[in-house]
Amino acid sequence: MQPPDRYAVFGHPIGHSKSPRIHALFAEQTGEQLSYTAQDVPPETFETCVRDFFAQGGKGLNCTVPLKELAWRIADYRSERAEHSKAVNTLALRPDGMIYGDNTDGIGLIRDLTVNLKLSLNNRRILLLGAGGASRGIIGPLLEQRPSHLTIANRTPEKAAQLAEEFCDLGPISGCGFFDLGTESFDLILNATAASLAGELPNLPKNILRPRGCCYDLAYGMEPTPFVRWGEEAGADISVDGIGMLVEQAAEAFFIWRGMRPETRPVIDVLNRERRGSR
Ligand code: NDP
């Protein structure tokens with residue numbers, strides 16, 4: 001019997017990763033024979049580890065913090081969405097030995113917002129907090145939804161301005177610091193900072209969330225994140241973390257590798273039950 005095809009997620013740190021659990025559930029659901037492991041890979045050894053993994057028969061990799069920009073550089077060729085974002089979270093070894101790079105974060109977020117949470121982004125004012133690798137991957141897909149404006153606010157304002165500049169050909173976008181946010185208000189606030197991971201929250205002005213507005217934290221954990229709680233206290237209609245996005249981006253990676261897209265709802269439900277059970 002053939003050994004199962006091998007996949008893995010590389011990151012640093014990686015201990016918290018739910019990706020092995022998600023891909024095991026996808027494999028069970030679709031009947032695909034595969035293994036998926038998590039490996040702690042620091043940036044210094046990333047390229048060697050990727051080349052070794054593929055040389056030893058590995059078929060595909062996910063790359064997470066802080067490796068997405070390095071993964072972009074390693075790919076021999078990339079999808080259009082990855083090309084623009086300059087960040088890659090999915091690598092696939094093609095039959096000719098070339099390494100293909102894609103970024104499934106954006107489509108994962110958009111599916112969670114528009115399909116799972118049934119939100120329309122068209123003509124909405126959106127605020128994106130953070131200007132790191134995750135923001136790079138989601139700005140293009142967010143602008144494709146035709147919001148009336150996308151504001152990026154970041155602790156280091158220059159990085160927000162730089163991102164706005166890079167993506168301004170795709171739609172109405174501007175960049176600033178948290179302290180420049182002033183009296184403007186938004187229909188949707190997305191937190192793509194790493195603040196939640198440290199149990200922190202960016203300092204946001206009062207009344208920044210419009211009535212019936214929504215909050216979405218890309219970070220996720222066993223407990224509601226500080227930003228999810230902030231959204232609840234600010235009266236958000238919906239205030240959720242990024243577990244749905246995580247499953248959706250994984251489903252798109254699975255599609256790139258295996259040519260089939262698993263059902264995501266049952267997997268999101270399992271993960272939510274598992275974290276409720278552990279509280
Ligand atoms: P990066 O390290 O590339 O970027 C981090 C960003 O957070 C920067 O903008 C940084 O600001 C900001 N930041 C860090 N600490 C603080 C703080 N204490 N207060 C305010 N801002 C802060 O990380 P990523 O962009 O890759 O990831 C961001 C988040 O998104 C993480 O929580 C990650 O887990 C999550 N994520 C979730 C996914 C999902 O599928 N649900 C997918 C991808 C990411 P500065 O520029 O000033 O340093």
Side-chain angles (χ1 to χ4, degrees), residues 9-23 38 42-43 62-72 81-82 85-90 102-113 116-117 127-139 141-142 151-164 166 175-181 189-204 215-228 230 240-254 264 267-268 271-272 275:
V9 57
F10 287 179
H12 184 66
I14 199 65
H16 65 284
S17 176
K18 291 196 179 301
S19 295
R21 177 76 179 126
I22 293 170
H23 283 279
N62 283 135
C63 304
T64 185
V65 187
L67 306 172
K68 290 181 189 178
E69 287 168 43
L70 291 175
W72 186 88
R81 58 194 178 195
S85 67
K86 296 199 169 58
V88 154
N89 76 339
T90 304
D102 203 344
N103 190 323
T104 66
D105 281 341
I107 189 156
L109 172 70
I110 298 299
R111 284 222 184 98
D112 199 35
L113 291 173
N116 300 336
L117 300 171
L127 172 62
L128 172 62
L129 307 171
S135 292
R136 281 197 162 276
I138 65 178
I139 291 171
L142 281 170
T151 302
I152 311 169
N154 194 43
R155 184 174 61 180
T156 313
E158 299 75 31
K159 283 202 213 163
Q162 162 72 28
L163 270 189
E166 273 181 52
C176 63
F178 296 136
F179 293 107
D180 307 316
L181 282 167
I189 306 180
L190 299 155
N191 181 25
T193 72
S196 290
L197 299 177
E200 293 168 5
L201 188 67
N203 202 356
L204 296 174
C215 291
Y216 190 102
D217 198 344
L218 272 67
Y220 51 88
M222 298 310 274
E223 301 290 334
T225 66
F227 181 72
V228 168
W230 178 88
V240 292
D241 72 11
I243 203 85
M245 170 180 174
L246 183 76
V247 173
E248 295 294 344
Q249 63 77 29
E252 188 69 14
F254 194 92
T264 48
V267 175
I268 295 171
L271 295 182
N272 280 332
R275 52 185 184 166

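No hydrogens, no waters, no symmetry mates; every other heavy atom, side chains included, goes into these values. Whatever order the structure lists ligands and atoms in, that order sets their numbers, starting from 1. Counting from 1, the numbers follow the sequence of the chain as shown.
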**Asked** Closest non-hydrogen protein atom to atom 30 (O) of ligand 1, residue and atom name please, with distance?
**Response** L218 CB, 3.7 Å

**Prompt:** Out of curiosity, R155 CZ to T193 OG1, how far, rounded to the nearest 0.5 Å?
**Reply:** 8.0 Å

**Message:** Please list, in number order, the atoms of ligand 1 under 4.0 Å from a heavy atom of D105.
**Reply:** 42 (C), 43 (C)

**Request:** Just go through E158, E69, Q249, K68 and tell me whose heavy atom is the nearest to atom 43 (C) of ligand 1.
**Result:** K68

**Request:** List every atom of ligand 1 that sits less than 4.0 Å from any heavy atom of G130, numbering the atoms from 1 in the order shown and giving each element.
**Result:** 9 (O)

**Request:** Identify, for atom 20 (C) of ligand 1, the protein heavy atom at the shortest distance, and state residue, atom and that distance.
**Result:** F178 CE1, 3.9 Å

**Nitrogen or oxygen of S135 less than 3.5 angstrom from that of ligand 1** = no

**Request:** For atom 16 (C) of ligand 1, grab the closest protein heavy atom and report residue, atom and distance to one decimal in Å.
**Result:** R155 NH1, 3.3 Å

**Request:** Mark up the atoms of ligand 1 that fall under 4.0 Å of a heavy atom belonging to E200, in ascending order.
**Result:** 17 (C), 18 (N)

**Request:** Taking only heavy atoms of A131 into account, list the atoms of ligand 1 that are under 4.0 Å away from them.
**Result:** 9 (O)

**Fill in**
A student checking ligand 1 against L246 at a 4.0 Å heavy-atom cut-off should list atoms 40 (O), 41 (N)

**Asked** Any side-chain donor paired with an acceptor under 3.5 Å for S196 and D217?
**Response** yes

**Prompt:** Which residue owns the protein heavy atom closest to atom 3 (O) of ligand 1, what's the atom, and how far is it?
**Reply:** G133 N, 2.9 Å

**Asked** Any idea which protein heavy atom is nearest atom 28 (C) of ligand 1, and the distance to it?
**Response** A192 O, 3.4 Å

**Message:** Testing the basics here: between P202 and F178, what is the closest heavy-atom pair and its distance to 0.1 Å?
**Reply:** CB-CZ, 3.7 Å

**Message:** Under a 3.5 Å cutoff, is there a donor and acceptor pairing between the side chains of Q162 and E158?
**Reply:** no

**Prompt:** So between N191, N154, T193, whose heavy atom ends up nearest atom 9 (O) of ligand 1?
**Reply:** N154

**Request:** Return the minimal non-hydrogen interatomic distance between F179 and N203, and the atom names on each side.
**Result:** CE2-ND2, 4.4 Å

**Item:** Closest protein heavy atom to atom 19 (N) of ligand 1, given as residue, atom name and distance to 0.1 Å
**Value:** A195 CB, 3.7 Å

**Request:** Give the numbers and elements of all ligand 1 atoms closer than 4.0 Å to a heavy atom of K159.
**Result:** 45 (P), 46 (O), 48 (O)

**Reported CZ-to-SG distance for the pair F227 and C215, which is rounded to 0.5 angstrom** = 4.0 Å

**Fill in**
To the nearest 0.5 Å, atom CG of L109 lies from atom CG of L246 at 12.0 Å

**Request:** Return yes when G108 approaches ligand 1 closer than 4.0 angstrom through a heavy atom, no otherwise.
**Result:** no

**Request:** Give the residue, atom name and distance (to 0.1 Å) of the protein heavy atom nearest atom 7 (O) of ligand 1.
**Result:** A194 N, 2.9 Å

**Fill in**
Of G221, A134, S19, G132, the residue with the heavy atom nearest atom 4 (O) of ligand 1 is G132

**Request:** Measure the distance from atom 47 (O) of ligand 1 to every protein heavy atom, then report the residue, atom name and distance (to 0.1 Å) of the closest one.
**Result:** T156 OG1, 2.5 Å

**Prompt:** Between R81 and E252, is there a salt bridge with N-O shorter than 4.0 Å?
**Reply:** yes

**Request:** Please round to the nearest 0.5 Å and tell me the distance separating atom OG of S85 and atom CD of E69.
**Result:** 9.0 Å

**Message:** Would you say atom 33 (C) of ligand 1 makes contact with the protein, given that contact here means a non-hydrogen protein atom less than 4.0 Å away?
**Reply:** no

**Item:** Side-chain donor-acceptor pair present, T90, D102, cut-off under 3.5 Å
**Value:** no

**Asked** Relative to the ring of Y220, is the ring of H16 parallel (under 30°), tilted (30 to 60°) or perpendicular (over 60°)?
**Response** tilted

**Prompt:** Between V65 and ligand 1, does any nitrogen or oxygen pair lie at a separation below 3.5 Å?
**Reply:** no

**Asked** How long is the gap from CG on D112 to CD on Q249, to the nearest 0.5 Å?
**Response** 11.0 Å

**Request:** Check G221 against R275 and note the closest heavy-atom contact, atom names and distance.
**Result:** O-NH1, 2.7 Å

